[in-house]
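Worth knowing before you read on, the calculation uses all heavy atoms, side chains too, and leaves out hydrogens, waters and symmetry mates. Counting starts at 1 for both ligands and their atoms, in listed order.
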Amino acid sequence: MNEKGCILVTGGLGYIGSHTVVALQERGYEVVVVDNLSNSRLDVLRLIKRLSGTEPQFYQADCTNREEMARVFDDVFTIDGIIHFAAHKAVGESVEKPLKYYRNNIDGLLTILEFAQAFGIQNFVFSSSATVYGTASTFPVTEQTPLSAPTSPYGATKLFAEQILQSVANAYKEFRCLSLRYFNPIGAHPSGLLGEFPQGVPNNLLPYITQTVSGVLRELTVYGSDYPTPDGTPLRDYLHVCDLARAHVLALEYLERTQDEVGLQFVNIGAGRGVSVLEIIETFEQVTGKHVPYRIGPRRSGDVAEIWADIKKAWRLLGWKPEYSLEDALRDAWKWEQTIRG
Ligand SMILES: NC(=O)c1ccc[n+]([C@@H]2O[C@H](COP(=O)([O-])OP(=O)(O)OC[C@H]3O[C@@H](n4cnc5c(N)ncnc54)[C@H](O)[C@@H]3O)[C@@H](O)[C@H]2O)c1
């Protein structure tokens, strides 16, 4: 067996999952991917192999389906840890189709946790989100910042998921879990070979910018320029997806090396600074030499004026801090856009 052990990665063909699979394999882990392809493509397996030299073992299976999960867990000889990415993530869609989100995100987590318990798998890393801080009013947010009412069904699934994990950690001392609260992952693998495949009109700023510049979309709308921020546009915390992927590897290594009881720990993963929408546009124009056509529109409901992370705990616990700059992330996002537009 591989010296670093075998990690089950659910949602491993998605945007963050695929970059994490590459990072795990580069670190010497054996990886088994489970994905139902609801928001990804089978040929990502080939792209992963081009980058890491190894194609992970793959099961096209749904985390909410007990029979399909039984097949995976029975089949794989030993699983040393689980990273659970699989979830639906479109905030707007979750408002329109809440049951789809509760069913997939909550049932998927419960099913994976039941199998983890049945098979004695103790190390668990969960994809949480800055959305659990809702409308926080002091910045930067630390892991101690009080959580507030979710602003969407998607946000509610992340909050409930953390509560489920807390109950499991309270009940079973052997369960060891890190819930990583991601801020805004952007960019793509620097090779230009791996990134996020567009599905419909993007929800997030970066794919919106790259698709506008490449002519797929006509213009970017900046939602609101009258926020109480330096240039009036909202501040967010953007980090390179490869930095986020590396945080998962370090999270697993932390769980493996820590002798003491771990329980459930929450860890912010962000760049640790707030950047405005207009700063992103300007920096994108500087690093790519491309003009971003945009117009200012009204505020969008549910958007908070600002949020960024205090990332000291990630450094203290995992030895993680971002290595890529905002400029790197924007350059890599543009490189990826050019790859997919061929
Ligand atoms: N991208 C972000 O901005 C962001 C921010 C915070 C948290 N997150 C969380 O990180 C995780 C990964 O996000 P992403 O951006 O890579 O999304 P993604 O949609 O690219 O990846 C999710 C993957 O999970 C798969 N999947 C979904 N439901 C499944 C199920 N029931 N069974 C098996 N596979 C399933 C999809 O096919 C997809 O490949 C999600 O849990 C998301 O909520 C993402």
Side-chain angles (χ1 to χ4, degrees), residues 8-22 32-45 47-48 56 58-69 71-72 82-94 100-112 115 125-133 150 152-162 165 179-189 194-200 202-208 236-242 244-245 247-248 266-270 307 309 329 333:
L8 181 77
V9 180
T10 73
L13 297 191
Y15 174 47
I16 306 167
S18 57
H19 289 82
T20 302
V21 170
V22 170
V32 176
V33 169
V34 167
D35 202 302
N36 65 0
L37 304 181
S38 61
N39 197 33
S40 51
R41 304 174 178 198
L42 197 55
D43 64 359
V44 171
L45 280 174
L47 302 176
I48 290 173
F58 175 63
Y59 292 87
Q60 182 173 348
D62 192 307
C63 294
T64 66
N65 183 311
R66 283 175 176 68
E67 287 74 40
E68 291 180 11
M69 285 306 106
R71 181 168 64 86
V72 174
I82 297 176
I83 306 180
H84 183 54
F85 289 107
H88 295 323
K89 64 165 180 176
V91 174
E93 189 194 42
S94 81
K100 174 178 172 182
Y101 277 68
Y102 288 117
R103 168 65 69 202
N104 193 54
N105 295 5
I106 300 299
D107 202 2
L109 173 66
L110 291 174
T111 306
I112 293 292
F115 277 93
V125 179
F126 177 69
S127 294
S128 188
S129 164
T131 183
V132 297
Y133 296 113
S152 70
Y154 167 74
T157 69
K158 293 298 177 190
L159 202 61
F160 295 162
E162 288 198 345
L165 293 169
S179 181
L180 303 185
R181 292 175 174 165
Y182 315 158
F183 281 67
N184 296 65
I186 58 169
H189 196 277
L194 199 58
E196 183 166 28
F197 285 97
Q199 311 269 351
N203 292 293
N204 298 331
L205 178 61
L206 243 291
Y208 219 109
R236 295 287 180 274
D237 183 325
Y238 299 94
L239 83 157
H240 196 295
V241 67
C242 289
L244 178 54
H248 292 80
F266 305 103
V267 187
N268 287 344
I269 306 290
I307 182 161

Q: May I ask whether Asp35 places a heavy atom under 4.0 Å from ligand 1?
A: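 Yes, that is the case, since the closest heavy atom of the residue is under 4.0 Å from the ligand.
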Q: May I ask whether His84 places a heavy atom under 4.0 Å from ligand 1?
A: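 False for this residue.
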Would [X] count as a polar contact of ligand 1, with the cut-off being nitrogen or oxygen pairs under 3.5 Å?
X	value
Thr64	no
Gly14	yes
Phe85	yes
Cys63	yes
His88	no

Q: Verify the distance criterion only: is there a donor paired with an acceptor across the side chains of Glu93 and Tyr154 at less than 3.5 Å?
A: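 Tyr154 and Glu93 do not have a side-chain donor-acceptor pair below 3.5 Å.
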Q) Cation over ring, Arg71 on Tyr59, under 6.0 Å and within 45°? A)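 Judged by the rule, Arg71 and Tyr59 form no cation-pi pair.
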Does any part of the side chain of [Y], heavy atoms only, come nearer than 4.5 Å to the side chain of [X], both counted from C-beta?
X	Y	result
Thr111	Arg66	yes
Ser38	His88	yes
Phe183	Ile307	yes
Ile112	Val34	no

Could you tell me which atoms of ligand 1, counted from 1 in the order shown, lie closer than 4.0 angstrom to a heavy atom of [X]?
X	answer
Ser129	6 (C), 7 (C)
Ala61	32 (N), 33 (C)
Ser127	9 (C), 10 (O), 11 (C), 41 (O)
Ser40	37 (O), 38 (C), 39 (O)
Ser38	26 (N), 27 (C), 28 (N), 36 (C), 37 (O)
Leu37	37 (O)
Ser128	6 (C), 7 (C)

Q: Would you please test Phe85 and His19 for ring-ring contact (aromatic ring centres under 6.0 Å, His included) and show each step?
A: CA-CA 12 Å; Phe85 289 107; His19 289 82; over 10 Å; no
Q) Side chain or backbone of Asn104 under 4.0 Å from ligand 1, or both, or neither, by non-hydrogen atoms? A)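 Near ligand 1, Asn104 shows its side chain, while the N, CA, C and O stay back.
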Q) Given Ile16, Val9, Leu180, which has its nearest heavy atom closest to atom 4 (C) of ligand 1? A)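 Selected option, by shortest heavy-atom distance: Ile16.
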Q | Among Phe126, Phe197, Tyr182, closest by any non-hydrogen atom to atom 8 (N) of ligand 1 | A |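 It is Tyr182 that holds the nearest heavy atom.
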